[in-house]
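So you know, we letter chains A, B, ... as the sequences are listed, proteins then strands, and number each from 1.
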Protein chains: 2
Amino acid sequence: MLAALADPTRRKVIELLREGPRPAGELAQAVQMSAPALSRHLRVLRAGGLVEATAGGDDARLRLYTLRREPFTALQAWLDQVQAFWAEQLGSFKDHVERGG
Amino acid sequence: MLAALADPTRRKVIELLREGPRPAGELAQAVQMSAPALSRHLRVLRAGGLVEATAGGDDARLRLYTLRREPFTALQAWLDQVQAFWAEQLGSFKDHVERGG
DNA sequence: CTCTTGCTTAACGATAGTGACAATTATTGC
DNA sequence: GCAATAATTGTCACTATCGTTAAGCAAGAG
């Protein structure tokens with residue numbers, strides 16, 4: 001999943017999708033890349049669970065891509081866990097009342 | 001920087017460093033990997049600004065590795081920006097009182 | 001049915017990351 | 001100075017990734 005985010009093109013796609021669902025072709029044009037190349041990137045994003053392709057409405061030839069929430073939530077959780085490193089440094093008076101002390 | 005996080009071994013290192021600074025050798029042993037191999041991973045982590053090597057105290061042969069805060073803060077900021085996607089979906093009544101309305 | 005559109009998959013060459021072994025640098029102790 | 005330890009860098013083979021061209025597949029238009 002982080003491997004999917006490790007590519008600038010794919011991050012650009014994610015930022016474009018932030019403004020709403022878009023078809024694959026529009027994304028390819030936006031990132032100045034051939035359709036097959038972007039299709040591969042979208043495949044990686046799908047594999048990482050970051051985006052989802054819907055069948056679309058008007059024209060079933062269009063594949064609408066949308067951001068999925070879960071992986072970002074998971075990343076947030078991991079990040080919070082890592083950042084606890086500094087939280088503990090700022091104040092040792094964490095509520096480790098588990099032991100009653 | 002995200003490329004540095006995209007590797008399981010390197011994430012493991014980060015999680016180990018969460019518990020405090022450690023010398024390179026100890027990390028290599030913890031991830032069951034040869035010293036040169038881990039040294040390369042540490043190089044990537046340094047290049048991504050995720051960790052920092054200190055000269056150490058007692059034995060100057062030891063290179064103590066520590067987590068750096070900034071990249072995680074930056075990632076947090078980017079993540080918040082992406083997650084605003086859903087925040088807007090949940091309620092359009094965001095405090096966009098900037099315009100007075 | 002045929003043609004075009006939108007997208008994905010296959011095959012190919014180029015590029016970069018990964019780990020093992022060997023060699024190098026820096027530090028400690030005698 | 002010499003040996004031992006801690007870590008990095010060089011070189012090799014292996015694998016994965018990236019973008020391009022060509023082909024395949026589903027959905028609309030005539």
Side-chain angles (χ1 to χ4, degrees), chain A residues 1-68 71 75, chain B residues 1-68 71 75:
Chain A
M1 176 252 166
L2 276 163
L5 265 65
D7 184 276
T9 301
R10 292 194 285 263
R11 281 198 299 276
K12 177 102 178 182
V13 166
I14 287 174
E15 282 160 23
L16 286 166
L17 255 41
R18 249 206 59 189
E19 299 169 13
R22 288 174 184 276
E26 200 169 321
L27 294 170
Q29 185 181 353
V31 301
Q32 298 262 77
M33 189 169 284
S34 68
L38 188 78
S39 187
R40 279 215 173 277
H41 283 298
L42 289 172
R43 183 182 185 76
V44 175
L45 287 169
R46 262 180 303 171
L50 291 158
V51 303
E52 201 172 21
T54 74
D58 304 21
D59 198 333
R61 285 176 300 183
L62 300 178
R63 277 174 77 87
L64 282 240
Y65 278 87
T66 319
L67 284 182
R68 284 189 70 244
L75 178 54
Chain B
M1 174 249 167
L2 275 162
L5 265 65
D7 185 275
T9 301
R10 291 194 286 261
R11 281 198 299 276
K12 177 102 178 181
V13 167
I14 287 175
E15 282 159 23
L16 285 167
L17 289 174
R18 249 206 58 189
E19 299 168 12
R22 287 173 184 277
E26 202 169 319
L27 293 171
Q29 186 180 355
V31 302
Q32 297 262 79
M33 188 171 286
S34 69
L38 188 78
S39 187
R40 291 204 182 277
H41 283 297
L42 288 171
R43 183 181 186 76
V44 175
L45 287 169
R46 261 180 302 170
L50 290 158
V51 304
E52 201 172 21
T54 76
D58 304 18
D59 197 335
R61 287 175 300 182
L62 301 177
R63 277 173 76 86
L64 284 238
Y65 277 88
T66 320
L67 284 182
R68 284 188 70 245
L75 178 54

Q | Sorted by number, the residues of residues 5-29 of chain B with heavy-atom contact under 4.0 Å to DNA chain C | A | B:Asp7, B:Arg10
**Q.** B:Val13 side chain reached by B:Leu50 side chain, heavy atoms, under 4.5 Å
**A.** no
Q | Which atom of A:Ala53 lies closest to which atom of A:Arg63, heavy atoms considered | A | CB-NH2, 3.4 Å
Q: Applying side chain to side chain donor-acceptor pair (under 3.5 Å), name anything that partners B:Arg11, two or more places apart in sequence or on another chain.
A: none
Q) In whole Å, what is the span from the CG atom of A:Leu42 to the P atom of C:dG6? A) 16 Å
**Q.** Which atom of A:Pro71 lies closest to which atom of A:Gly49, heavy atoms considered
**A.** CG-O, 3.3 Å
**Q.** Sequence neighbours excluded, every pair satisfying salt bridge (charged side-chain N to carboxylate O under 4.0 Å, His left out) that has a member inside residues 26-53 of chain A
**A.** A:Arg22-A:Glu26
Q. What are the two closest non-hydrogen atoms of B:Leu38 and B:Met33, and how far apart are they?
A. N-SD, 4.1 Å
Q: Walking along DNA chain D from 5' to 3', note the first and the last nucleotide with an atom under 4.0 Å from a heavy atom of chain B, and give both.
A: D:dT5 to D:dT11
(Q) Please give me the minimum heavy-atom distance between B:Ala3 and A:Ala6, naming the atom from each residue. (A) CA-CB, 3.6 Å
Q | Nearest-0.5 Å distance, CG of residue A:Leu64 to OG1 of residue A:Thr54 | A | 4.0 Å
Q. Between CE of B:Met1 and CG of A:Leu5, what distance do you get to the nearest 0.5 Å?
A. 10.5 Å
Q.
By the definition side chain to side chain contact (heavy atoms under 4.5 Å, CB included), identify the one residue from B:Leu27, B:Val44, B:Thr66, B:Leu17 that meets it with B:Val51.
A. B:Leu17
Q | Shortest non-hydrogen contact from A:Ala35 toward A:Ala28 | A | CA-CB, 4.3 Å
Q | Side-chain N or O of B:His41 closer than 4.0 Å to phosphate OP1/OP2 of C:dG17 | A | no
Q | Whole angstrom value for the distance that separates P of C:dA26 from CZ of B:Arg63 | A | 12 Å
N/O-N/O pairs, protein side and nucleotides 27-30 of chain C side, under 3.5 Å:
| unit_1 | atom_1 | unit_2 | atom_2 | d |
| --- | --- | --- | --- | --- |
| C:dT28 | OP1 | B:Ala60 | N | 3.4 |

Under-3.5 Å N/O pairs linking protein and nucleotides 20-23 of chain C:
| unit_1 | atom_1 | unit_2 | atom_2 | d |
| --- | --- | --- | --- | --- |
| C:dA20 | OP2 | B:Ser34 | OG | 3.0 |

(Q) Using side-chain heavy atoms (C-beta onward) and a distance below 4.5 Å, is B:Ile14 in contact with B:Leu45? (A) yes
